[in-house]
Protein chains: 2
Amino acid sequence: MGTRERILDATADLLWERGYTATSPQAIQLAAGVGQGSMYHHFPSKAALAAASLRDSGEQLRRSTAELLRTAPTPADAVLAYLRTPREALRGCRLGRMTQDVDVLADEDLRSPIAETLTYYQGLLAALLEEGQRVGQLRSDFSATSVAATLVAIIQGAHVLARAEQAPQAFERVVAGAVHLVEGLRTR
Amino acid sequence: MGTRERILDATADLLWERGYTATSPQAIQLAAGVGQGSMYHHFPSKAALAAASLRDSGEQLRRSTAELLRTAPTPADAVLAYLRTPREALRGCRLGRMTQDVDVLADEDLRSPIAETLTYYQGLLAALLEEGQRVGQLRSDFSATSVAATLVAIIQGAHVLARAEQAPQAFERVVAGAVHLVEGLRTR
DNA sequence: GTCTATAGTCCGATAGAC
DNA sequence: GTCTATCGGACTATAGAC
């Protein structure tokens with residue numbers, strides 16, 4: 001693995017663990033096992049390095065989520081799979097966590113991969129919900145776009161609760177409740 | 001207003017705006033209009049000051065939420081009022097946002113007001129949902145505890161989406177979807 | 001391309017005058 | 001109780017040798 005990739009890997013880990021502002025170039029260099037000069041040779045600044053890392057993470061997450069949803073037999077199954085897929089409850093969402101950092105929100109290059117990925121999730125779920133409505137599996141008296149946004153928010157919020165309580169069970173509780181709520185959307 | 005209160009007020013604002021690690025004693029002193037000596041006279045450290053501020057914020061939020069839920073005519077109305085109450089979408093939840101700061105999670109005095117408040121919300125909502133089930137307003141085939149956790153997560157996640165997109169409309173979209181989901185819990 | 005040395009700033013906290 | 005001066009260290013970034 002090349003130096004550039006080792007730097008990007010270390011950055012992704014540290015951004016997930018500590019966030020942007022609290023992650024120092026020094027810590028990245030230590031974790032990647034490179035000197036300061038190497039980091040600044042490959043990336044002009046901490047912000048540019050973080051932006052590259054977040055872009056990579058966003059692409060990876062969008063790809064794996066699309067794959068997850070594509071393999072379910074029915075739309076309702078796909079939505080439930082989105083809720084139930086195993087996640088690192090205590091680590092939080094590696095992109096969603098960044099929204100609490102003002103320096104991230106102030107920099108378009110840092111914010112856009114986050115916004116694009118969360119918007120992409122909502123699009124995938126809205127399409128599934130509409131399909132479920134079209135084939136009569138789901139009720140037609142709700143807005144697929146709104147419910148899709150709510151489902152994405154549920155996963156983000158589940159991470160918040162699990163971290164607050166420092167208990168993965170909080171995440172599971174949120175998911176269990178979400179499953180109850182989604183079951184209420186089925187036609188009967 | 002006394003010096004101590006001015007310091008606590010400035011701290012609460014800055015913690016909400018910037019989080020814990022990114023808020024410097026210097027910034028607090030500037031915002032409160034006091035010197036370093038005053039701050040360290042009233043509070044032994046940045047951590048102790050932040051803990052006092054978060055305890056205050058938690059008490060205030062628990063009190064206002066209990067009041068909000070107590071004034072609704074029926075359990076389902078109270079749950080919908082929780083979802084629909086106006087919130088500062090782009091600023092985020094002043095307690096929930098802290099869960100992304102590792103230094104906060106590592107310090108029990110900082111973490112516990114957050115965990116206690118979010119747990120308190122869940123307890124209030126679970127009691128309402130159970131009451132709704134008892135009086136036949138809500139279906140009895142769901143876990144009130146789980147759904148209560150999901151409702152709290154929805155509001156936390158709505159803040160995340162709104163901040164990611166830098167658009168309050170994202171918050172409204174999440175709430176609209178949540179209302180659809182809660183309507184599915186009613187008996188018919 | 002990679003390294004070390006260093007600059008200039010800000011951090012959290014303490015000392016001590018008033 | 002409040003102030004200013006200051007400490008020791010960490011921060012992001014640059015310089016320049018190899």
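Naming convention: chains lettered A, B, ... in sequence-line order (proteins, then strands); numbering from 1 in each chain. Values below: every heavy atom of this structure, side chains too, minus hydrogens, waters and symmetry copies.
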[atom1] of [X] versus [atom2] of [N]: gap in Å, rounded?
X	N	atom1	atom2	answer
A/Y20	D/dT12	OH	C1'	10 Å
B/F43	C/dG12	CZ	P	16 Å
B/L49	C/dC11	CG	C1'	16 Å
B/Y40	C/dA17	OH	C1'	19 Å
B/R18	C/dG12	CZ	P	11 Å
A/R4	C/dG1	CZ	P	11 Å
A/R6	C/dG1	CZ	P	14 Å
B/M39	D/dA5	CE	C1'	17 Å

ask   = According to a strict under-4.0 Å criterion, is B/Q26 in side-chain N/O contact with OP1 or OP2 of C/dC10?
value =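 For B/Q26, the contact criterion (side-chain N or O under 4.0 Å from OP1 or OP2 of C/dC10) is not met.
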request  = Please check the phosphate of D/dG1 (OP1 and OP2 only) for any side-chain N or O of B/S38 closer than 4.0 Å.
outcome  =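 For D/dG1, neither OP1 nor OP2 has a side-chain N or O of B/S38 closer than 4.0 Å.
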task = For the residue pair B/R173 and A/S146, confirm or rule out a side-chain donor-acceptor distance under 3.5 Å.
result =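 Looking only at side-chain atoms, A/S146 and B/R173 do not form any donor-acceptor pair under 3.5 Å.
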query = Looking just at side-chain N and O atoms, do A/Q122 and B/E165 make a donor-acceptor pair shorter than 3.5 Å?
reply =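 Distance-only check passes for A/Q122 and B/E165.
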Proximity to the side chain of B/K46 - top-ranked nucleotide from D/dT2, C/dG12, C/dT2 =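 Looking only at side-chain atoms, B/K46 lies closest to C/dG12.
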Options C/dT2, D/dT2, D/dT12, nucleotide nearest the side-chain atoms of A/T3 =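 Among C/dT2, D/dT2, D/dT12, the one nearest the side chain of A/T3 is C/dT2.
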message = Over all strands shown, is B/Q36 touching base, sugar-phosphate only, or nothing at heavy-atom distances under 4.0 angstrom?
response =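 It contacts base atoms.
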message = Less than 6.0 angstrom from the centroid, inside 45 degrees of the normal: does B/K46 satisfy that with respect to the ring of B/Y40?
response =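 Pair B/K46/B/Y40 does not count as cation-pi.
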ask   = Hey, are the side chains of A/Q166 and B/R111 touching, using non-hydrogen atoms and a 4.5 Å cut-off?
value =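 A/Q166 reaches B/R111 side chain to side chain.
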request  = Take B/H41 and A/S45, find for each the nucleotide of DNA chain D with the closest heavy atom, and name the residue whose nucleotide sits nearer the 5' end.
outcome  =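 It is B/H41 whose nearest nucleotide is closer to the 5' end.
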ask   = Parallel, tilted or perpendicular: which fits the ring planes of A/F171 and A/H159, with parallel below 30° and perpendicular above 60°?
value =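 A/F171 vs A/H159 ring planes: tilted.
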